[in-house]
There are 2 protein chains.
Amino acid sequence: MGDTTETGLPRALAIAWGVQDVPQRGPSRGLTHERIVAAAIEIADAHGLGAVTMQAVAKSLDFTTMSLYRYVSSKDELLRLMQDAALSLPEEVELPDDWRAALRAWADLIRDAYRVHPWALEIPRGQAAVLMPRTVRTADLGLAAMSGIALDDGEKIAVLLLISQHVASMVELERSLAAEGGFTATPEGLEKLRRAIAPDRFPHIAAIMAAGGYVADAPAPPDAPEGVDDEYEFGLDLLIAGLESLERRARRRP
Amino acid sequence: MGDTTETGLPRALAIAWGVQDVPQRGPSRGLTHERIVAAAIEIADAHGLGAVTMQAVAKSLDFTTMSLYRYVSSKDELLRLMQDAALSLPEEVELPDDWRAALRAWADLIRDAYRVHPWALEIPRGQAAVLMPRTVRTADLGLAAMSGIALDDGEKIAVLLLISQHVASMVELERSLAAEGGFTATPEGLEKLRRAIAPDRFPHIAAIMAAGGYVADAPAPPDAPEGVDDEYEFGLDLLIAGLESLERRARRRP
DNA sequence: ACCTGAACACCGTTCAAGT
DNA sequence: ACCTGAACACCGTTCAAGT
């Protein structure tokens with residue numbers, strides 16, 4: 001109750017698509033869903049998702065906290081609206097003809113969007129998330145990118161899911177690395193850690209650590225790129241290589 | 001302050017590895033980190049992460065809320081300990097020799113763990129997450145699975161990251177589908193939605209919807225599997241196919 | 001039907017006090 | 001140094017009242 005309309009659609013879905021009935025009687029409304037979501041996004045951009053409270057949003061609009069509940073039935077609903085609004089792609093998008101390049105371009109679009117509003121990744125995705133407007137638009141573009149490839153609909157959707165998840169996790173990783181650049185432990189602290197990650201219990205990881213990667217002695221490797229661009233590209237390379245091999249196989253026995 | 005020890009290590013890391021100094025003087029301690037984390041996990045398993053409050057955890061241990069702060073400097077720290085503890089693999093793991101099969105087995109192990117404690121996926125991953133004990137153990141196993149493949153360390157790590165992210169997102173999707181089986185809209189609600197997702201604005205998605213997929217008229221497709229096993233396997237297939245093609249290329253010009 | 005103000009039932013966390 | 005009890009500063013949300 002409260003999170004679905006009388007049409008059975010989740011309220012956030014109805015609001016986002018603008019198919020929610022607006023009351024006709026009574027005083028005119030002082031707010032709109034758009035303004036509320038925009039205000040909440042502004043706060044999240046500036047101070048993180050944790051700073052988005054009903055009171056903070058209302059205050060920034062010069063309204064009482066309670067007035068928001070005339071538009072949004074719960075904070076959760078507001079978060080879902082924010083989440084979809086955050087995934088905003090350019091109005092006009094020109095994708096390359098080659099599906100490889102098109103998929104890469106598509107991934108980059110999503111990455112750009114998430115980089116602008118990274119807090120969107122912290123919001124748990126609800127049941128109807130895939131049917132929200134921006135998500136549908138994004139999926140439609142992704143399908144357009146794949147129109148030149150021999151996969152059925154279900155497989156295409158799976159590919160888009162895979163890529164968008166990859167992008168999301170890379171942006172998240174990128175952020176958590178940038179947040180503190182890891183941490184700076186004392187030599188004594190590092191020694192404790194190294195003794196805990198013993199070669200006999202974790203031979204492969206210990207070998208990598210001994211080789212100087214990941215847990216370095218230096219407080220922070222100053223020359224190391226410390227980005228995740230390589231991992232991002234590698235993941236796309238791998239997926240595309242996998243798709244090519246799938247295509248070859250399909251072409252061989254059609 | 002408070003989230004790092006005097007060795008510079010994040011407190012959660014020091015606690016999880018057991019390298020945190022324990023005070024020697026004063027009365028003996030009535031609790032342990034293990035018991036606190038176990039109690040919190042029990043609550044999360046039974047009633048979700050939202051039910052894990054400091055008061056609820058303390059109560060289930062028959063202690064005051066405040067006593068927990070002698071062991072954990074914040075709720076956030078407790079959540080990080082829970083997150084790592086949730087990723088528990090079997091004590092003894094026998095991986096197949098073939099790296100393809102080994103990677104699949106590895107992915108299945110992670111999936112099993114996440115299925116037991118799905119709330120772990122809701123906890124944001126902090127800076128030191130990759131160095132926590134279970135995560136290190138898991139990564140070590142993953143590297144073992146890939147020992148027969150010609151990739152450098154960085155690429156192997158990237159592959160493990162990719163696979164574990166895939167697994168996580170599939171379990172999450174699986175859960176959100178099971179949570180409500182989507183939603184059941186009235187014919188009128190569905191009609192509104194279909195008009196919103198117009199073929200001229202979203203040609204590819206609209207085509208898929210018209211073909212009967214995803215937003216069906218029936219309240220809930222009773223015969224449809226509604227699982228994500230196909231997508232899960234497809235993602236692994238794709239990644240492994242990509243790795244094979246990478247290997248072929250490397251072997252051709254060594 | 002809108003917006004408001006007071007109030008409720010929580011939270012995480014601080015702090016001073018007891019042992 | 002442990003555990004406690006009271007208290008603080010929030011938070012989301014309900015409700016009755018005004019317009």
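Chain identifiers are assigned alphabetically (A, B, ...) following the order of the sequence lines, protein sequences preceding nucleic acid strands; residue numbering begins at 1 within each chain.
A cation-pi contact links B:Arg111 to B:Tyr232, judged by a cut-off of 6.0 Å to the six-membered ring centre and 45° from its axis.
The distance between atom OH of B:Tyr69 and atom C1' of C:dA16, rounded to the nearest whole Å, is 17 Å. At whole-Å resolution of the value, CZ in B:Arg29 and C1' in D:dC3 are 12 Å apart. Counting to the nearest Å, the C1' atom of C:dC11 and the NZ atom of B:Lys75 are 8 Å from each other. In this structure, B:Arg70 places its CZ atom 13 Å from C1' of C:dG18, rounding to the nearest Å. Rounded to whole Å, the distance from OH on A:Tyr71 to P on C:dA1 is 13 Å. Whole-Å rounding puts the B:Leu79 CG to C:dC11 P distance at 14 Å. For the pair A:Met66 CE and D:dT19 P, the computed distance is 20 Å after rounding to whole Å. B:Leu78 places its CG atom 10 Å from the P atom of C:dT13, with the value rounded to the nearest Å.
Between A:Gln55 and D:dC10 there is no side-chain polar atom (N or O) within less than 4.0 angstrom of OP1 or OP2.
In the displayed structure, A:Glu191 atom CD is contacted under 6.0 Å by more than 12 heavy atoms of other residues, nucleotides or ligands. The 12-atom threshold is exceeded at CZ of A:Arg115, counting heavy atoms of other residues, nucleotides or ligands nearer than 6.0 Å.
Among the atoms of the strands shown, only primed sugar atoms or phosphate atoms (P, OP1, OP2) are found under 4.0 Å from some heavy atom of B:Phe63. Nucleic acid contact class of B:Ser74 (heavy atoms, under 4.0 Å, all strands): sugar-phosphate only. When heavy atoms are screened at a 4.0 angstrom cut-off, A:Thr53 is found touching the sugar-phosphate backbone but no base atom. Contact annotation for A:Met54: backbone-only contact, meaning every heavy-atom pair under 4.0 Å involves sugar-phosphate atoms and none involves a base.
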Show, in sequence, the C-alpha distance, side-chain angles and deciding distance for A:Glu91 and A:Arg137, and conclude whether the salt bridge (Lys or Arg N to Asp or Glu O under 4.0 Å) test is met. CA-CA 10 Å; A:Glu91 202 64 49; A:Arg137 164 100 201 285; 5.4 Å; no
For the pair A:Arg80 and A:Asp84, evaluate salt bridge (Lys or Arg N to Asp or Glu O under 4.0 Å) and give the outcome as yes or no after the intermediate values. CA-CA 6 Å; A:Arg80 292 185 197 294; A:Asp84 191 63; over 6 Å; no
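Using Watson-Crick or G-U wobble geometry with both donor-acceptor distances under 3.5 Å, D:dC2 finds its partner in C:dG18. When both distances must be under 3.5 Å, the Watson-Crick or G-U wobble mate of D:dC8 is C:dG12.
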